[in-house]
Every structure is written in structure tokens, then in C-alpha cells.
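Let me begin by presenting the structure, written as C-alpha cells, before commenting on it.
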Amino acid sequence: MKKLLILSGKGGTGKTTVASAFIKLHNAKVYADCDVDAPNLHLVTNQGIKPKNSDYYGLPKAKIDNLLCVRCGICMQHCRFDAIYKAEVYKVNEYQCEGCGVCELVCPNKAVTLQPDIAGQLTLYDDSEVFSTAQLKMGRGTSGLLVSEVKKQITSPSIKTDLAIIDGSPGIGCPVIASIKGVDMVLVVAEPSVSGLSDIKRIIKTAEKFQVKTALCINKYDLNLEKSKEIERYCDKKQIFFAGRIPFDDKAVKVVNSGKNIVDCDGEAAEAIKDIFNSVYGRINGYKHTPNED
Amino acid sequence: MAEGKTQIAVLSGKGGTGKTMLSVNLAAAIENSLYVDCDVEEPNGHLFLKPSTENEKNVFVQHPKVCEQSCNGCRLCVKFCNFNALAYIQEKLMVFEDICHSCGGCALVCPQKAISEEDRTIGKISEGKSENVKVLTGVLNPGEQSGVPIISELVKMCRKEPGTTIIDCPPGSSCVVMDSIKDADYCILVAEPTIFGASNLEMVYELVKLFNKPFGVVLNKCLKDKNPAEEFCKEKGITVVGKIPFDHRLGKLNGDGQIAVRESKLYKKMFSDLYVRVAKEVKHEKVINP
């Protein structure tokens, strides 16, 4: 099973719309949403069945036992994350604590212990299709680990299929790095603007670090033709496979809001996405026969 | 909070909703403002404001350095590290810098004192000026896991600044956003008119409620059709402080990296009016929660 990851460097470029279109076009049996901060894929893929939910334990959080604490403040001095503060007694700010355990280590009175912490929720729909998604709790970190868990849920699916489609997370930080690890190809969805160009350069640099094959398509390319050309030239220069352009389609918002898939409605945008999918699909499978290309 | 000093944070559940567009235009519409880009993974504000670079400094974290002669392979550090940033492989202690959280625990726990700490650059902060706006931009180096140390430094730098500060936050509702809004007096939540927009708005709404921050919503890219984000605001009784229509000209200016406020009187008025509305809300909040 090949894994295709859809990224953009930034949210709002149409990652989820493209991912859901690909899922529909390929009749994909296995897919995942790695945007654990703001998952949206479940809003546009219709899961008829009840999912299996499980708690995701992130790194533990420190807890101070007031009866044992002698108010020496050594824990606060050593905490690099400003997670311990002095009120009437010493307290831990659960949003700042990263669970490193230094406070527990330095406490002379064994008043500090690390406690398990539920940092999010993993969801798995496993029926005729396998869909893995998750939601991180407010203000929790270590989303990279949760992303890895989301991907783990689809590593050995009960269903045999040739392609898994993964909707990625925005940015270039830990959740994205966790998304990239182990995928066969990254498709970057770019938008034609100065921000878009800046964002793709950073995401491509990140993908390069992991030596993943990268393809790129431009969404709403006709909103700024000059920037679109600039992005294409950049791909050319960096030898990134250019998979195509999607025109702006004002019907798209309506279609998505009504819970339908963009490829369900006729139009230039839907046609463009079909072409992009075919070329990306060909490309990702091509690697199987020409392993030397890597 | 000092007299006359206001921090406004601009948030959205997701990127691409118009946070940066709104932030740079608000900053440009206000006299002597400070614009701070806390979206250190993808900072874009400088592409619009094009500030002069007056000052630049690297942001460091500390990471462990191993003295091989002193290490006797006891592995206490490996056992201690909750982030799996250390491993003892082939009689050698290895440090995986990119997953190290710089807690300093390994150096503390080592009985041989074989571990010391070294500075490592993870990104930088630039300071500059763009007409009436002072600009602070944090940039995380690609391949680095966490921008939190850069954001913390930015927040610290903001504390010294008088006047109105506009903080352009990272997308989402995770730890990096929380760090960015720590000192904010008011939060503006930007939302798109889609079901995604409404779902993402709900998340940042939960976040600002959790942190007890006064807030209002700006509905961006408004079309004539039904707006799921607006319906969400109605349902929850959330104040909508502004509505920005979907506008090709604004989109083009923005796509080309221009600041709309500086290009047309119409937009100057639109964003100034929006600021007046926000300032009124902030003042109101300060009376209720001084």
C-alpha cells in the first residue's frame, strides 16, 4: 500500500477539499486525517457507522502533593517551561508542563509525581472503509505523537488496497514532520499569492529533509496568474513534479457547505482535480516499477 | 498592563482564513502600532509589510553535549528522558537534537557529570519598521519541531512595547496558540463562511473561553449565501465585530503582497472602522474585567 500525503505549508489552501476529492475518485478504502489540531475531513466523508474511540495519552503532567511539599521552590527553579508557579502553595500549570520530569527528579521530598494525561481522542472508522482521525485537546502539545498514532491506525488495515490518502496538517513543525515520515509521496497544494509561494518553499525544504518525493498543484490558480507562473517556475527549478492547476470555482463553497464532494458537481475545478489525481496516481505507482529513481 | 497599552491577538481555527490579511491591515490602519508575527512556522506578515531589518537575533535552545571519556554507559539519562531524545547505541551515547525539549534533566541525572549543555540555534527574530508599524517576526528553521521558544521570546519582547500591539497567531488551538495569546487583552477570531470555517471557529472559541479571554469574531470572505460561521455566532451569542466581503480586488491586493489600507481610501476606512469597533469592545472589557 502506497501512502500519499497532502500538504500545503498553510491551512485554507484546499488540502481537505483535494483530499476528499481524491478519496471519492479513487474510491479509496483507506484514508486518514492528520490535522489533529483542526480535523475537517470527517465533515466531508460520510461515515455511516459508529467509530471506535480511544483516549490518547500524551506526555504525563507533573502533580505536586501539598502534604509532602515543604515549599522549598527547587522544582520551580529547575522548570525550564515556567510550568510551576507559587500561589499559596506551589502549583503546576498543566498547559505549560511538558512532562519532562525534572521537577520530580529534583524534589527533595518526593512531593512531585508525573501523572498520565489524556491529551486527545483517537477515532477509527473500520468497516468497508478504514478512516483514521483524531482530535487534540485544547492547548495540548505533542501533536506529532498523536499524528503518529493516527497513521499507525492505518498501517495494517483489514482491507487490501493499493493507495492510502492522508490529509496533512498545516505548518512545518512537529505534526507535519510526523505526517511526512514513511509516506511515499507528498502532494503540495499551493495558492497563488506571495504567502503561498513563501509557504511552499518552506514545506518543500522540510520534505527535502526527509527525502520524500514531492508533487505540487495550484488551487484557485486563476486568482493570480502571475503568482501561479512564479510557482510553476519554482517547481521547474527545484525539479518538483507539477501535477496541475485548479481554477477558482465559486460553486465550490456551495457544494462543500451542502456536504457534497467537489467532484460531484460538474465544472472546470472538478475536471482539473480528476486530471491531477490521475497524474499523481500514475506518478506514485510509477515508483514501484522504477525503484532506481529514488 | 500599562495604561494605554493594548494587545490584540488575531486567531483562527485554521490557516488561510485571513488572519495575516486582517492583522497587517489593522496594524497599518492604527497610528504607531506594533505588528508581531507569532506564526513562526509560516510567517507571512513581513511579505506584506516589507519592513526594514533593523535588528536580528538568533533564538537558541540548549541541548545536551556528551563527554565520551566521562560517560560510563549507565543509561540513567536514557531512562530519564521522556522524549526519547537519548539512546545508548554501540557503546556510545547518541543525542537526537531535533526531538530534545531542552529540559536539562539528562545533565542533572548523570552521576558522572558527562553531560553538559550547549546552545543551538532554532530560528530567529527580526525587528524592523514599515511606515507607521513596528514589526517583529519570528522564524523557525525548517526541520525544527517546536517554535515555542521563539514565541515565548516574542511575547517577552512585546511586554516592553507601548501602544497597540497586533499579534498574528499560528493557526489552530494547540500549545503554540496558547503561548501566543498569553498576554492578550482581546482576541479576534477570524472565520470563513464554510462548514469547515464554522467547525474551526468552534475550536478557537473553546480555547478563548478556556483562557477567559474577551473576544469577538470577524467574518471574512462573506458571500451572499448562508454563512455557517455566522450562524454559529448567532447560536452562541458571540459578538461579530466585523464582516469583510469576498472581494476580488482585496484578494488580488493581498495575493500580490500589498497592504489594502495603504492602497485605497475605501479599505483604509473599512479597517479603521473595524479597529474602532474592536477598541470599543476592548475598553468595555477593561471596565468589566480591570
Side-chain angles (χ1 to χ4, degrees), chain A residues 8-13 16 35-38 40 43-44 59-60 78-82 95 98-102 105-106 114 136 138-144 169-177 191-196 198-199 202-203 205-206 209 223-224 226-227 250 253-254 256-257 259, chain B residues 12-18 20 39-44 47-48 62 80-83 98 101-105 108-109 140 142-148 152 170-178 192-196 199-200 203 206-207 210-211 223 225-226 228 248 251-252 254-257:
Chain A
S8 63
K10 192 81 147 202
T13 56
T16 301
D35 187 355
V36 297
D37 285 317
N40 282 151
L43 298 170
V44 279
L59 286 160
H78 278 87
C79 178
R80 296 249 175 109
F81 310 104
D82 296 327
Y95 297 105
E98 300 205 7
C100 67
V102 165
L105 177 76
V106 297
L114 289 180
L136 195 69
M138 287 303 137
R140 284 295 191 270
T142 61
S143 48
S169 34
I172 59 166
C174 81
V176 177
I177 291 170
E191 58 173 20
S193 65
V194 280
S195 308
S198 163
D199 297 339
R202 289 168 65 75
I203 189 69
K205 215 179 209 170
T206 307
K209 282 208 163 205
L223 288 185
N224 196 325
E226 292 126 66
K227 288 286 168 242
D250 49 12
V253 171
K254 238 183 192 159
V256 171
N257 278 350
Chain B
S12 71
K14 193 88 146 193
T17 52
T20 299
D39 188 0
V40 302
E41 290 187 33
E42 304 290 359
N44 287 150
L47 301 171
F48 300 87
Q62 290 189 304
F80 178 81
C81 181
N82 279 348
F83 311 111
D98 54 351
H101 287 219
S102 311
C103 71
L108 279 174
V109 82
L140 180 71
E144 291 292 343
Q145 295 267 350
S146 168
V148 169
S152 302
S173 58
S174 68
C175 54
V176 280
V177 182
M178 229 181 55
E192 279 192 1
T194 61
I195 50 167
F196 300 144
S199 165
N200 301 328
M203 294 177 28
E206 297 289 342
L207 181 80
L210 186 66
F211 287 95
L223 298 159
D225 300 317
K226 223 166 74 172
H248 277 283
K252 179 78 169 65
N254 202 54
D256 285 336

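Keep in mind the model is a prediction, meaning the values are calculated, not measured. Every chain is numbered from 1, with letters handed out A, B, ... down the list of sequences.
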Tell me, out of [options], who's got the most heavy-atom pairs with chain B below 4.5 Å.
options: A/Pro60, A/Pro192, A/Ser8, A/Gly101; value: A/Gly101
options: A/Ile203, A/Val256, A/Ile177, A/Leu105; value: A/Leu105
options: A/Leu43, A/Thr206, A/Thr13, A/Thr16; value: A/Leu43
options: A/Asn40, A/Asp37, A/Val194, A/Asp35; value: A/Asn40

field: Residues that A/Asp199 engages under salt bridge (Lys or Arg N to Asp or Glu O under 4.0 Å), provided they are two or more places apart
entry: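 Not a single residue meets the salt bridge (Lys or Arg N to Asp or Glu O under 4.0 Å) criterion with A/Asp199.
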query: Which atoms of A/Asn257 come close to chain B, meaning under 4.5 Å heavy atom to heavy atom: side chain ones, backbone ones, both, or neither?
result: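 When you check distances to chain B, atoms from both the backbone and side chain of A/Asn257 fall under 4.5 Å.
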Proximity breakdown for A/Val36 and chain B, heavy-atom pairs closer than 4.5 Å: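 For A/Val36, no heavy atom lies under 4.5 Å from chain B.
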Given that the side chain runs from C-beta out, which part of [X] has a heavy atom under 4.5 Å from chain A: side chain, backbone, both or neither?
X: B/Asp256; answer: both
X: B/Glu144; answer: backbone
X: B/Val109; answer: both
X: B/Leu207; answer: both
X: B/Ser146; answer: neither
X: B/Asn254; answer: backbone
X: B/Val40; answer: backbone

message: Taking A/Ala38's backbone N and O only, do any of them form a donor-acceptor pair with B/Lys14's side chain (distance below 3.5 Å, no angle check)?
response: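 Yes, because the side chain of B/Lys14 sits within donor-acceptor range (under 3.5 Å) of the backbone of A/Ala38.
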- prompt: Got a donor-acceptor contact below 3.5 angstrom from the A/Glu191 side chain to the A/Gly196 backbone?
  reply: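 No, A/Glu191 side chain to A/Gly196 backbone: no donor-acceptor pair under 3.5 Å.
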- prompt: What is the ring orientation for B/His101 with A/Phe81, classed by angle as parallel under 30°, tilted 30 to 60°, or perpendicular over 60°?
  reply: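 If you compare the ring of B/His101 with that of A/Phe81, the planes turn out perpendicular.
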Do [X] and [Y] have side chains that get closer than 4.5 Å, going by heavy atoms?
X: A/Glu98; Y: A/Leu59; result: no
X: B/Phe196; Y: B/Pro228; result: no
X: A/Val176; Y: A/Ser169; result: yes
X: B/Pro43; Y: A/Arg202; result: yes
X: A/Ser193; Y: A/Asn224; result: no

message: Under the rule for side-chain hydrogen bond (donor to acceptor under 3.5 Å, both in side chains), what residues qualify as partners of A/Lys209, not counting sequence neighbours?
response: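 In terms of side-chain hydrogen bond (donor to acceptor under 3.5 Å, both in side chains), with neighbours along the sequence ignored, A/Lys209 is linked to no residue.
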message: So which residue, B/Gly172, B/Gly18, B/Pro170, B/Gly143, ends up with the most heavy-atom pairs under 4.5 Å with chain A?
response: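 It is B/Gly143.
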- request: Mind ranking B/Pro193, B/Gly105, B/Cys103, B/Gly13 by heavy-atom pairs under 4.5 Å with chain A and telling me who comes out on top?
  value: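 The option with the most such pairs is B/Cys103.
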